[in-house]
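Here is the structure we will look at, set down as structure tokens.
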Amino acid sequence: ITWRSVAGDESNGDLSFTPQNDGAITEVRLRMEVAPPQGLAPQRVDRLAQSARRRTHSDLRRFSRQMAAPKQREEAPTGALGMAAQLGVAATAAGLGGYAAYMVGQRLQGSSSYRAMRSQIIPPASVVSWSLAGASAASALGAATFRQLGHVNNALFVGQWAPTLLAASGFARILGHRGIRTPDGASIASWSLVGASIGSIAASATLHAMGRRKQGLFVGQWAPTLMGAAIFTRLFNRL
């Protein structure tokens with residue numbers, strides 16, 4: 001493809017496409033000649049050339065993305081049966097886990113140490129903890145819903161917060177436990193890790209909103225690890 005300007009600044013160039021590796025990829029070569037306006041200082045000519053080079057590279061990358069073969073959409077179970085299957089697996093796992101916890105609780109009900117342990121959590125901390133646990137469940141449910149609708153990226157983005165919220169639920173219970181006292185140094189380190197986890201969430205959400213979803217997922221996966229480290233710091237040598 002060749003061109004030549006017919007008005008304005010004088011420019012001409014050509015764009016060539018050469019198959020490589022038996023057509024698996026295509027080499028693209030661009031040649032441009034631009035005549036700068038007369039009377040420009042050499043420094044301004046250099047800046048003009050650099051600006052044109054950056055703009056051209058950006059245009060070529062955008063052209064490459066537009067011309068690339070579209071990725072096949074990841075198949076997901078469709079229809080009411082597909083949604084029921086996904087939710088059924090989650091509900092079954094939750095039911096089995098809840099039944100096991102209930103049976104263990106029934107065996108411990110008569111234990112005085114168990115009743116004392118339950119009374120150690122102050123009510124506000126318990127409310128916050130259960131709220132975060134509910135948000136974790138909502139995150140998992142939202143991810144399953146997006147997955148069913150075929151929005152895989154959104155499903156990954158929403159679902160990645162489930163372990164972080166669950167860890168935050170445990171962190172809230174530790175803060176509200178009357179029997180756990182954390183030294184100042186460990187407390188500072190723990191809160192720093194919580195801040196880093198929140199920063200990871202904020203950065204991930206920002207990248208996702210900017211359309212840089214892969215980077216957002218990469219940054220967001222640090223959040224549960226950092227929150228878990230905050231819990232570990234508070235419990236180290238305490239339990």
Side-chain angles (χ1 to χ4, degrees), residues 87 89-147 154-209 216-239:
L87 298 180
V89 172
T92 301
L96 291 175
Y99 179 75
Y102 172 77
M103 295 302 296
V104 172
Q106 287 296 311
R107 291 181 176 274
L108 294 175
Q109 282 293 338
S111 171
S112 59
S113 61
Y114 176 75
R115 290 194 298 269
M117 181 181 67
R118 289 191 62 184
S119 65
Q120 291 296 316
I121 307 297
I122 62 176
S126 180
V127 171
V128 172
S129 176
W130 280 112
S131 299
L132 289 169
S136 176
S139 172
L141 180 60
T145 302
F146 275 123
R147 180 65 178 81
N154 289 333
L156 292 172
F157 177 75
V158 173
Q160 70 177 337
W161 307 129
T164 305
L165 292 167
L166 191 60
S169 173
F171 185 80
R173 293 187 74 84
I174 292 172
L175 288 179
H177 198 288
R178 297 186 179 95
I180 298 179
R181 294 293 178 264
T182 306
D184 291 341
S187 180
I188 293 173
S190 176
W191 280 113
S192 298
L193 289 166
V194 170
S197 178
I198 295 174
S200 172
I201 294 173
S204 177
T206 301
L207 289 169
H208 187 81
L217 291 173
F218 177 72
V219 174
Q221 70 179 343
W222 303 338
T225 303
L226 292 166
M227 189 64 72
I231 294 175
F232 179 80
T233 302
R234 285 189 172 269
L235 295 182
F236 190 72
N237 287 337
R238 292 293 174 275
L239 295 177

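Just so we're clear, the structure is a prediction, and the values are computed from it rather than from any experiment.
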Legend entry - By side-chain contact (heavy atoms from CB on, under 4.5 Å) - contacts of Ala162 (at least two apart): Ser136, Ser139
Inset, instruction - Locate the shortest heavy-atom distance separating Ala172 from Val128; write the atom from each residue and the value. - result: CB-CG1, 4.0 Å
Inset, instruction - Locate the shortest heavy-atom distance separating Val194 from Ala230; write the atom from each residue and the value. - result: CG2-CB, 3.6 Å
Inset, instruction - Name all residues meeting the side-chain contact (heavy atoms from CB on, under 4.5 Å) criterion together with Ala155; count only those two or more places apart in sequence or in a different chain, and write none if there are none. - result: Phe146, Arg147
Legend entry - Pairing residues for Thr164 by the side chain to side chain donor-acceptor pair (under 3.5 Å) criterion, not counting sequence neighbours: none
Inset, instruction - Could you list the residues that satisfy side chain to side chain donor-acceptor pair (under 3.5 Å) with Ser187, not counting sequence neighbours? - result: Arg234
Inset, instruction - Not counting sequence neighbours, which residues clear side chain to side chain donor-acceptor pair (under 3.5 Å) with Ser200? List them please. - result: none
Inset, instruction - Ignoring hydrogens and angles, tell me if any N or O in the side chain of Ser169 forms a donor-acceptor pair with the backbone of Trp130 under 3.5 Å. - result: no
Inset, instruction - Using side-chain contact (heavy atoms from CB on, under 4.5 Å) as the criterion, list what pairs up with Ile231, not counting sequence neighbours. - result: Ala167, Phe171, Ile174, Leu235
Inset, instruction - Measure across Gln160 and Gln221 and return the closest heavy-atom pair with its distance rounded to 0.1 Å. - result: OE1-N, 3.7 Å
Inset, instruction - List for me each residue that meets ring-ring contact (aromatic ring centres under 6.0 Å, His included) alongside Phe157, sequence neighbours excluded, and say none if there are none. - result: Trp161, His208
Inset, instruction - Among Ser129, Pro124, Ser131, find the one that has a side-chain contact (heavy atoms from CB on, under 4.5 Å) with Val127. - result: Ser131
Inset, instruction - Return the minimal non-hydrogen interatomic distance between Gly216 and Ser204, and the atom names on each side. - result: O-OG, 2.6 Å
Inset, instruction - With sequence neighbours excluded, tell me which residues meet side-chain contact (heavy atoms from CB on, under 4.5 Å) with Ala168. - result: Leu132, Met227
